[in-house]
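Input: a single structure, listed below in structure tokens.
In the text below, chain A, chain B and the rest are named by the order of the sequence lines, each starting its count at 1. All heavy atoms count here, side chains included; hydrogens, waters and symmetry mates do not. This structure is a prediction, so every number in the text was calculated from the model and none was measured.
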Number of protein chains: 2
Amino acid sequence: MSKKTYTISELASEFDITTRAIRFYEEKGLIQPAREGRKRVYSTADRARLTLILRGKRIGMSLDESMEIIAMYDPDHGNRDQLKELLGRVQERQLSLQTQLEDIQATLESLNDVEQRCRKALGQHDQQGEL
Amino acid sequence: MSKKTYTISELASEFDITTRAIRFYEEKGLIQPAREGRKRVYSTADRARLTLILRGKRIGMSLDESMEIIAMYDPDHGNRDQLKELLGRVQERQLSLQTQLEDIQATLESLNDVEQRCRKALGQHDQQGEL
DNA sequence: ACTTTAAGTTACGTTAACGTAAACGTCAAT
DNA sequence: ATTGACGTTTACGTTAACGTAACTTAAAGT
């Protein structure tokens, strides 16, 4: 059962962000840690949310977008219409993520090209870094 | 030989951005279109740069980062040390792009999950949208 | 009692990436 | 000659995502 709860600075150092950032996410409604008196107490669920937020950031999503995706996980969408709407948003996201994936692959290919030319000009071939 | 030159609004509508944005990229030194009098004239090379910039944006890169990558393409790095430095930066980029790729794949998987649950709750199975 | 140490609140500052508006030039068509 | 459709420069405005004080409170150790 791992650890169950975390303090703000634990999470901050684990994810290498500032406590200010974490509180900011809270202001924005992305996380709602419990309180012990005035201290914030983070659950593993909060930690999971943070993971999603930061993953989102790495792929260029805004906080609002991350929040949307997070919201997709919990099942508060009771009726059929809401579900259909959700499904629609999910599919849109999937499409744009697909584009992103291709963009990254294209960029990686170009960089591979650059890399090869560098190595060639340096007289190396395909070494992995042997000093 | 396609078309050779473009006006600013041609590019703007092609890439679906404003002319203001294009001029902004110029201010930032990302593109240097030729001039005919005071009019900007964009070459296919400029167009290619725009492509890179926008691809960069889609994967969450800043303009500075895009500029770095663009700079990697042209061979103005005469000496060995510069080449080694370049190679280093290229490899760093490749690593972070790799991470991004994995982040996207993870997100896609999660969304697939959400999608399946939606469909299940809606009583569908794996249709592609047949109205 | 005193001092770290960690947390909190409040509020203003900052950077990036444009948007928007004002005011003007240019050329073709009416 | 004027009206648009495009282009230009200059400059101020805006939003997101925090950073950076500045100050306070609470808990823990010596």
Side-chain angles (χ1 to χ4, degrees), chain A residues 3-43 46-47 49-71 93 96 100 103, chain B residues 3-43 46-47 49-71 93 96 100 103:
Chain A
K3 200 200 170 183
K4 278 283 177 255
T5 69
Y6 311 83
T7 132
I8 194 172
S9 37
E10 276 171 359
L11 290 182
S13 76
E14 175 178 355
F15 288 107
D16 197 30
I17 55 182
T18 67
T19 60
R20 177 69 184 86
I22 297 182
R23 283 187 218 104
F24 179 72
Y25 297 150
E26 185 181 344
E27 286 175 31
K28 288 290 229 163
L30 289 163
I31 3 180
Q32 285 116 10
R35 298 285 178 128
E36 255 174 36
R38 354 196 306 119
K39 302 277 178 79
R40 283 163 239 254
V41 183
Y42 296 85
S43 67
D46 293 323
R47 211 190 85 108
R49 272 161 176 258
L50 252 184
T51 306
L52 292 179
I53 296 168
L54 298 177
R55 176 184 290 160
K57 291 205 60 179
R58 285 195 299 271
I59 62 182
M61 300 201 306
S62 73
L63 293 185
D64 287 356
E65 290 172 321
S66 287
M67 186 151 70
E68 245 214 80
I69 291 206
I70 289 175
R93 269 272 161 256
S96 86
Q100 274 199 54
D103 283 331
Chain B
K3 200 199 170 183
K4 278 280 177 259
T5 68
Y6 311 84
T7 132
I8 194 171
S9 39
E10 276 171 0
L11 290 182
S13 77
E14 176 178 354
F15 289 107
D16 197 32
I17 55 181
T18 67
T19 59
R20 176 69 184 86
I22 298 183
R23 283 186 217 103
F24 180 71
Y25 298 150
E26 185 181 343
E27 286 175 32
K28 289 289 229 161
L30 289 164
I31 2 180
Q32 285 115 10
R35 298 285 179 127
E36 253 174 37
R38 354 194 306 119
K39 303 277 178 75
R40 284 166 238 258
V41 184
Y42 296 84
S43 67
D46 293 321
R47 210 190 87 109
R49 272 163 175 258
L50 253 182
T51 306
L52 293 179
I53 294 168
L54 298 177
R55 175 184 289 161
K57 290 205 61 179
R58 286 195 299 271
I59 60 181
M61 299 201 304
S62 73
L63 293 185
D64 287 357
E65 291 172 321
S66 287
M67 186 151 69
E68 245 213 81
I69 292 204
I70 288 175
R93 270 271 162 255
S96 86
Q100 272 201 58
D103 284 330

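Residues B/Arg58 and B/Leu54 are in side-chain contact: their nearest non-hydrogen atoms beyond the backbone lie under 4.5 Å apart.
In this structure a side-chain-to-backbone donor-acceptor pair under 3.5 Å is present from B/Ser43 to B/Asp46.
Residue A/Thr19 places none of its side-chain N or O atoms closer than 4.0 Å to OP1 or OP2 of C/dA7. Within the structure, every side-chain polar atom (N or O) of A/Arg20 is placed at least 4.0 Å from both OP1 and OP2 of D/dT20. Here A/Thr7 reaches the OP1 or OP2 of C/dA7: one of its side-chain N or O atoms lies under 4.0 Å away.
In this structure, of C/dT9, D/dG7, D/dC18, it is C/dT9 that holds the atom nearest to the side chain of A/Arg35. Considering only side-chain atoms of A/Arg38, the nucleotide from D/dA17, D/dA26, C/dA17 that sits closest is D/dA26. Distances were taken from every side-chain heavy atom of B/Leu63 (C-beta onward) to each of D/dT8, C/dA17, C/dT9; the shortest belongs to C/dA17. Among D/dA17, D/dG7, C/dC18, the nucleotide with an atom closest to any side-chain atom of B/Ser9 is D/dG7.
For A/Ile53 against A/Leu30, the heavy-atom pair with the smallest separation is CD1-CB, 3.8 Å.
Between the C1' atom of D/dT8 and the CD atom of B/Glu36 lies a distance of 15 Å, rounded to the nearest Å. The separation between A/Arg40 atom CZ and D/dT25 atom P is 16 Å, rounded to whole Å. Per the geometry, CG belonging to B/Leu54 stands 13 Å off C1' belonging to C/dA17, to the nearest Å. In this structure, CG of A/Leu11 is placed 14 Å from C1' of C/dA7, rounded to the nearest angstrom. Rounded to whole angstrom, the span from the CD1 atom of B/Ile8 across to the P atom of D/dA5 amounts to 19 Å.
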Practice task
Would you sort out whether A/Lys39 and A/Thr7 count as a side-chain contact (heavy atoms from CB on, under 4.5 Å), showing the intermediate values?
Solution key: CA-CA 8 Å; A/Lys39 302 277 178 79; A/Thr7 132; over 6 Å; no
Exercise for the section: For B/Leu50 and B/Glu14, run side-chain contact (heavy atoms from CB on, under 4.5 Å): C-alpha distance rounded to whole Å, both residues' side-chain angles, the deciding distance at 0.1 Å, then the answer. Expected result: CA-CA 11 Å; B/Leu50 253 182; B/Glu14 176 178 354; over 6 Å; no
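Of the residues in residues 22-30 of chain B, those placing a heavy atom less than 4.0 Å from an atom of DNA chain D are B/Arg23, in numerical order.
Interatomic distance, OG1 of A/Thr19 versus CZ of A/Arg40, reported as 9.0 Å (0.5 Å rounding).
Taking the charged nitrogens against the carboxylate oxygens, B/Glu26 and B/Arg49 have no contact shorter than 4.0 Å, which rules out a salt bridge.
Sequence order on DNA chain D of the closest nucleotides to A/Thr18 and A/Lys39 puts A/Thr18 first from the 5' end.
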